[in-house]
2 protein chains.
Amino acid sequence: MKKNPTQKYASIIFKKHNHNVCFNNAMKAFQKHCFEKNLKLTPLRIKVFEFLLRDHQPLGAYQILDMLRDSGFGSTPPIAYRVLDFLIEQGFAHKIKRLNAFVACSHLGSTHSPAFMICRKCEKVAEINEKESGVNLKKAAPFDFKIEEAVIEVIGLCISCITVEAT
Amino acid sequence: MKKNPTQKYASIIFKKHNHNVCFNNAMKAFQKHCFEKNLKLTPLRIKVFEFLLRDHQPLGAYQILDMLRDSGFGSTPPIAYRVLDFLIEQGFAHKIKRLNAFVACSHLGSTHSPAFMICRKCEKVAEINEKESGVNLKKAAPFDFKIEEAVIEVIGLCISCITVEAT
DNA sequence: ATCGCCATGTTATAATATAACATACGTTTA
DNA sequence: TAAACGTATGTTATATTATAACATGGCGAT
Ligand SMILES: [Zn+2]
Ligand SMILES: [Zn+2]
Ligand SMILES: [Zn+2]
Ligand SMILES: [Zn+2]
């Protein structure tokens, strides 16, 4: 399997890329993680993670429920929300608040405090890691606020949508 | 009216401060803005802005509706959402996505791209201006993503809640 | 006076999310 | 083995947040 070029710039996500690499790496990491942590790798969890991995388009909970119904799984809201909570807790998915939607993590293998670039047109999302993000939160909050987490969502236009708009 | 110490560090908001200053400055700025832009300064708009200015605690739309009902205004959802949209458009309020709630702006008088510090315990919110925030988005997104807006919400514990917890 | 504009009001419903309880199944324990 | 337990899934109902669509009323411009 050919590797994608380095994701130093997360914007690869907005371009054509060998998405099988994204998919397979993530799914393997998920399997490994569950095995090592003794967590149950169930068909439902695998299925939902597959949905999220289809491309870099976030999915709403109710979209996921529709897809689960089509696949013969239960499809009432708690089903989706529970699996999503699990994936988020385990670091394999993130919630994009801007979109009320969920996306597979693309910086697996480490606890991280990601930032997201969200294309307002195609709604694809790229995850930027902390160092790339240019965020210096220590500078932001002085001595008297104890930072625990940061939610950073950058909205704009991705390269593909810029190109289309310019046409 | 005594001035508050400089808001160089937004964390003043989490401490005791002369809140009349915050309130009066904001309300005056709002009146001035509406006059200059020829926008209608209606009782409803004033009332909602007053609610948001009571302290630095964000209010949910339905909380605002309850307060409007108590004040004899209409209290169906569109009433609140429309006024909030107006205040946000005019730069006098922000939505805190983390809380699904709304807060008065505390850096009036300029278009700005704020960041927020949100105390997870008391849920008070301080607004940090862009320069303070330590965010360098140009660094974050390279040549192929056109940034239009950034949503930054930092979650943690404010100085007052840290103190209480330590007790 | 009439028209158009805009704020407010009303009714209904959409979209997102959680609470509470029921079942099923594999693992541990008695 | 049987009971007890933990955890995943399933179900029912409801809570929370937000918007669509249409109606009314005041007010200034023509
Ligand atoms: Zn990919
Ligand atoms: Zn795009
Ligand atoms: Zn502001
Ligand atoms: Zn606090």
Side-chain angles (χ1 to χ4, degrees), chain A residues 30-31 33-35 37-52 58-90 92-103 123 151 153, chain B residues 30-31 33-35 37-52 57-90 92-103 118 123 151 153:
Chain A
F30 182 52
Q31 291 165 347
H33 176 91
C34 288
F35 179 75
K37 301 250 170 167
N38 212 5
L39 299 165
K40 300 197 178 149
L41 189 68
T42 63
L44 179 62
R45 288 169 175 177
I46 292 168
K47 194 50 115 182
V48 171
F49 194 44
E50 275 176 16
F51 293 155
L52 294 180
L59 295 175
Y62 284 74
Q63 281 180 278
I64 290 170
L65 285 168
D66 287 343
M67 296 163 90
L68 285 174
R69 182 175 306 110
D70 294 345
S71 308
F73 289 86
S75 57
T76 54
I79 300 280
Y81 283 104
R82 281 190 295 228
V83 174
L84 289 166
D85 285 349
F86 173 84
L87 291 173
I88 289 168
E89 270 162 27
Q90 300 305 319
F92 287 83
H94 298 290
K95 177 166 184 180
I96 306 298
K97 308 232 183 225
R98 169 68 168 222
L99 304 172
N100 288 325
F102 303 85
V103 73
E123 297 197 333
V151 175
E153 297 185 351
Chain B
F30 183 51
Q31 291 166 348
H33 176 92
C34 288
F35 179 76
K37 301 249 171 166
N38 212 4
L39 299 166
K40 300 196 179 153
L41 189 67
T42 63
L44 179 62
R45 287 171 175 177
I46 291 168
K47 195 50 122 180
V48 171
F49 194 43
E50 275 176 15
F51 293 155
L52 293 180
Q57 200 98 32
L59 295 175
Y62 284 76
Q63 281 180 277
I64 290 170
L65 286 168
D66 288 343
M67 297 163 90
L68 285 174
R69 182 174 308 111
D70 294 345
S71 307
F73 289 85
S75 56
T76 53
I79 300 281
Y81 284 104
R82 280 190 297 227
V83 175
L84 289 166
D85 285 349
F86 173 83
L87 291 172
I88 289 168
E89 270 163 26
Q90 300 305 319
F92 288 82
H94 297 290
K95 176 166 185 182
I96 306 297
K97 309 233 184 220
R98 167 70 168 221
L99 304 173
N100 288 325
F102 303 84
V103 74
I118 306 167
E123 297 197 333
V151 175
E153 297 184 351

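Throughout, protein chains are lettered first and strands after them, A, B, ... in sequence-line order, and every chain is numbered starting at 1. What you are looking at is a predicted structure, and each value in this text was computed from that prediction instead of being measured. Both backbone and side-chain heavy atoms feed into the values below; hydrogens, waters and symmetry mates do not.
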Tell me the closest heavy-atom pair linking [X] and [Y], and the distance in Å.
X: B/Thr76; Y: B/Leu65; answer: O-CD2, 3.3 Å
X: B/Cys34; Y: B/Leu41; answer: SG-CD1, 3.9 Å
X: B/Lys97; Y: B/Glu153; answer: N-OE2, 2.7 Å
X: A/Arg45; Y: A/Lys40; answer: NH1-O, 2.8 Å

Value in whole Å for how far the [atom2] atom of [N] lies from [atom1] of [X]:
X: A/Ile46; N: D/dA8; atom1: CD1; atom2: P; value: 14 Å
X: B/Phe102; N: D/dT17; atom1: CZ; atom2: P; value: 10 Å
X: A/Ile79; N: D/dA8; atom1: CD1; atom2: P; value: 13 Å
X: A/Leu41; N: D/dT9; atom1: CG; atom2: P; value: 10 Å
X: B/Tyr81; N: D/dT19; atom1: OH; atom2: P; value: 7 Å

**Request:** Could you say whether A/Leu99 or B/Leu39 is positioned toward the 5' end of DNA chain C, judged by the nucleotide with the nearest heavy atom to each?
**Result:** B/Leu39
**Message:** Taking the nucleotide of DNA chain C with the nearest heavy atom to each, does A/Lys40 or B/Lys40 sit closer to the 5' end?
**Reply:**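 It is B/Lys40 whose nearest nucleotide is closer to the 5' end.
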Just so I know, are the side chains of [X] and [Y] near enough to count as touching, which here means a heavy-atom distance under 4.5 Å?
X: A/Phe35; Y: A/Gln31; answer: no
X: B/Leu59; Y: B/Met67; answer: yes
X: B/Leu68; Y: B/Leu44; answer: yes

**Message:** With side chain to side chain donor-acceptor pair (under 3.5 Å) as the rule and sequence neighbours excluded, what pairs involving residues 59-73 of chain A come up?
**Reply:** A/Asp66-A/Arg69, A/Arg69-A/Ser75
Give one of base, sugar-phosphate or nothing for [X], where a contact means two heavy atoms less than 4.0 Å apart.
X: A/Thr42; result: sugar-phosphate
X: A/Arg45; result: sugar-phosphate
X: B/Lys95; result: sugar-phosphate

**5' priority, DNA chain D, between B/Arg82 and A/Thr76 [closest heavy atom]** = A/Thr76
**Request:** Evaluate the ring planes of B/Phe86 and B/Phe30, with Trp represented by its six-membered ring, and classify them as parallel (under 30°), tilted (30 to 60°) or perpendicular (over 60°).
**Result:** perpendicular
**Interface with DNA chain C, restricted to residues 60-73 of chain B and to heavy atoms under 4.0 Å** =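 DNA chain C contact set from residues 60-73 of chain B: none.
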**Prompt:** When you list every nucleotide of DNA chain C with an atom under 4.0 Å from a heavy atom of chain A, which one comes first 5' to 3', and which comes last?
**Reply:** C/dT16 to C/dA19
**Message:** The side chain of A/Val83 is closest to which nucleotide in this list: D/dT9, D/dA8, D/dA18?
**Reply:** D/dT9
